[in-house]
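Only this structure's heavy atoms are used, side chains among them; waters, hydrogens and symmetry mates stay out. In this text the structure is predicted, and so the values were computed from the model without any measurement. In the text below, chain A, chain B and the rest are named by the order of the sequence lines, each starting its count at 1.
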Number of protein chains: 2
Amino acid sequence: MTYADWMPVTVLLVDDEPLVRAGLRAVLEAQPDIEVVGEAADGAAVIPLVRQLRPDVVAMDVRMPLLDGIEATRAVLRTVQDPPKILVVTTFENDEYVYEALRAGADGFLLKRARPAEIVNAVRLVADGESLLFPAAVRQLAGEYGRRPGNEEARAALDRAALTEREADVLRLMTRGLSNAEIATELIVGAETVKSHVSSVLAKLGARDRTQAVIAAYESGFVAPG
Amino acid sequence: MTYADWMPVTVLLVDDEPLVRAGLRAVLEAQPDIEVVGEAADGAAVIPLVRQLRPDVVAMDVRMPLLDGIEATRAVLRTVQDPPKILVVTTFENDEYVYEALRAGADGFLLKRARPAEIVNAVRLVADGESLLFPAAVRQLAGEYGRRPGNEEARAALDRAALTEREADVLRLMTRGLSNAEIATELIVGAETVKSHVSSVLAKLGARDRTQAVIAAYESGFVAPG
DNA sequence: GTCCGTCTCCCCCTCATGGGGGAGCCGTGC
DNA sequence: GCACGGCTCCCCCATGAGGGGGAGACGGAC
C-alpha cells in the first residue's frame with residue numbers, strides 16, 4: 001500500500017517515439033489519479049529528470065537510440081535514492097530485452113499493443129508495488145513473488161507461466177479456429193488429449209474459454225493479425 | 001470536389017506497426033472532417049475490411065510481413081468495386097516500392113516523417129481525387145495510370161453483407177471475451193436477443209463459432225490488438 | 001533410486017453454445 | 001396502404017466445451 005490512495009501517481013514517459021509518448025500521455029492523463037509529470041526521448045535523459053521530478057513510475061521503452069531501457073533502468077536503480085518503479089514498454093512479448101530489463105530490476109513490462117485500460121491498470125499496479133507482467137497468465141503468478149527487484153523470481157514465474165511446446169501447438173491451432181476434434185486430427189492425438197492441453201492453456205492464460213484464450217493470444221502478440 | 005464537404009472522409013489504416021496506426025489515428029481523428037473507420041495490421045486483411053467498411057481512403061504501409069502494400073493495392077483495385085483511394089505510407093522517400101505501388105494504382109504516397117498538417121492534407125487531397133505525390137517527378141509518372149472502373153450496383157450486395165450496428169456491438173463485445181449472458185447484461189437486452197445477433201454475425205462472417213468470429217475480427221482489422 | 005513435469009488417454013458431469021424454427025414491434029421506403 | 005429490414009424475444013434440440021477427477025509412459029533432475 002502506498003500513498004496512491006490520496007495522491008496522484010506521477011509518471012515519467014521515456015520513449016524515442018513522440019507518437020508513443022503522446023499516446024501514453026493521452027491514455028494516462030485521462031485518469032484522475034494519474035499524472036504525467038515529464039517526458040524524455042532517450043534513456044540518457046532519464047537520470048536528471050528522475051532526480052528533478054521524482055516520479056512514482058517511469059514508463060520506459062526498451063529500444064532507444066542512445067541509452068536503451070535496460071541500461072537506463074540499471075542507471076536509475078544504481079544512482080537514484082528511493083528510485084521510482086520502472087515499467088518497461090515493449091513491442092514484442094518475447095523480447096529478450098524484457099528479460100534483461102527485469103534482471104536489471106524493472107518492476108514489470110507492458111506491451112505497446114495493450115489496451116488503454118490495461119496500460120492504466122499496469123501503471124496503478126506497479127505504483128502500488130506489484131510486479132506486473134503483461135499476459136493475464138503471468139499476472140496471476142505475479143502475486144506469488146512479490147516486490148522488487150523482480151529479477152530472478154520473475155523469470156522463474158515467467159517460465160512457469162510459459163506454455164509447453166504442445167500447449168503452444170494447441171493454442172496456435174485454436175487461433176486458427178479449429179475445434180478440439182480438428183486439433184486432435186491435426187496433431188494426430190486423441191480428442192481427450194487435446195481437451196487436456198486446452199484446459200492447461202486456459203488455466204495458464206487465465207482464460208475462461210477458448211475465445212478468451214484466442215483473444216489473449218492476439219493481445220499478447222502470441223499471434224499477429226495478417 | 002466530392003461530398004467531402006458534408007460527409008467526413010473515412011480512412012482505413014493498414015500498417016503492421018500498431019504505433020504507426022495509433023499515431024496516424026491520433027493525427028487524423030483530430031480533424032473534424034476525417035474519420036478513421038478501421039485498422040488492419042497487414043495487407044492480407046485489407047480486402048474484406050474495405051468491403052465491409054468502404055473507406056474513402058486507405059492509408060497503406062508498403063512494407064508489411066505477409067502481403068505488402070503493392071500487392072495489397074493490386075488486390076484491392078482488382079477485386080473491389082468502386083475502390084477507395086490508396087495512399088501509400090512509407091518511411092523512405094526513394095523507396096522503389098513506392099514507385100511500384102504507384103504503378104499498381106496507388107493514388108499517392110506519404111512519408112511517415114511528414115508533419116501532422118501534411119498528413120491531414122494528403123488524406124484530404126487524395127479523398128478529393130487528387131493524385132498526391134511528393135516528388136514532382138513521380139507525379140507525371142502516376143498520371144499515366146488513370147482512374148479505375150467505378151461500378152455502383154454491387155454496392156447494395158456489399159452493404160447487405162455488412163454488419164448492422166447492433167451486430168457490430170455484439171461482435172465487439174465478443175472480441176472482449178464476453179459470454180452471451182454477459183453481452184446481454186452489457187447491452188441490456190435478453191439473452192435470446194444476443195443469441196440471435198451472434199448467429200447473424202457468425203453467418204455474415206462465415207464463422208462456425210464465436211472463436212472463429214473473433215479471429216475474423218482480428219484478421220480483418222475490425223479490432224486490432226492494442 | 002526417487003521425484004517431477006510433459007504428453008498421452010480415460011471417466012463422469014454440467015451447461016453454454018449454436019442451429020432450427022417462429023413472432024411482434026417499429027421505422028423507412030415504395 | 002404494403003413490404004422490408006433491424007431489433008427484440010421465445011421455443012426445442014444436439015453437442016461441443018470445459019471442469020474435476022484420474023492414470024500410465026517417458027525423460028530429466030536430484
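Toward the 5′ end of DNA chain D lies the nearest nucleotide of B/H197, the other residue of the pair B/D209 and B/H197 mapping further downstream.
Atom CZ in A/R210 sits roughly 7 Å away from atom C1' in D/dA17 (whole-Å rounding). Atom CG in A/L173 sits roughly 13 Å away from atom P in D/dA17 (whole-Å rounding). Rounded to a whole Å, the CD atom of B/E182 is 11 Å from the P atom of C/dA16. Between the CG atom of A/L187 and the P atom of C/dT6 there is a distance of 17 Å, rounded to whole Å. Distance CD (B/E167) to C1' (D/dG6): 8 Å, rounded to an integer number of Å. We find that CD of B/E165 is positioned 14 Å from C1' of D/dG5, with the value rounded to whole Å. C/dG18 atom C1' lies 13 Å from atom CD1 of B/I183, rounded to whole Å. Distance CG (B/D169) to P (D/dG6): 14 Å, rounded to an integer number of Å.
Residue B/S179 has no polar side-chain atom (N or O) positioned under 4.0 Å from OP1 or OP2 of C/dA16. The phosphate of D/dC7 has neither OP1 nor OP2 within less than 4.0 Å of any side-chain N or O from B/T193. Taking only side-chain nitrogens and oxygens, B/R208 never comes nearer than 4.0 Å to OP1 or OP2 of C/dG18. Taking side-chain N and O atoms only, A/N180 has a distance below 4.0 Å to OP1 or OP2 of D/dA17. For the pair A/T164 and C/dC7, the criterion of a side-chain N or O lying under 4.0 Å from OP1 or OP2 is met. An OP1 or OP2 oxygen of D/dG19 is reached within less than 4.0 angstrom by a side-chain nitrogen or oxygen of A/S199.
Closest of all the heavy-atom pairs between A/D209 and A/L202 is O-CD2, 3.4 Å. Across all non-hydrogen atoms, the minimal contact from A/I215 to B/G177 is CD1-N, 3.1 Å. Nearest heavy atoms, B/V37 versus B/L53: O-CD1, 3.6 Å.
Of the candidate nucleotides C/dT8, C/dT6, D/dA17, C/dT8 has the atom lying nearest to any side-chain atom of A/V189. Listed nucleotides D/dG18, C/dG18, D/dC11 differ in distance to B/E192; the shortest reach to its side chain belongs to D/dC11.
Judged purely by atom type and a 3.5 angstrom limit, B/S196 has no side-chain atom pairing as donor or acceptor with the backbone of B/E192.
Comment: A/R172 does not engage A/E186 in a salt bridge, judged by the lack of any side-chain N to carboxylate O separation of less than 4.0 angstrom.
Residue A/K195 places no side-chain atom within donor-acceptor reach of the base of D/dG16, judged by atom type and a 3.5 Å distance cut-off alone.
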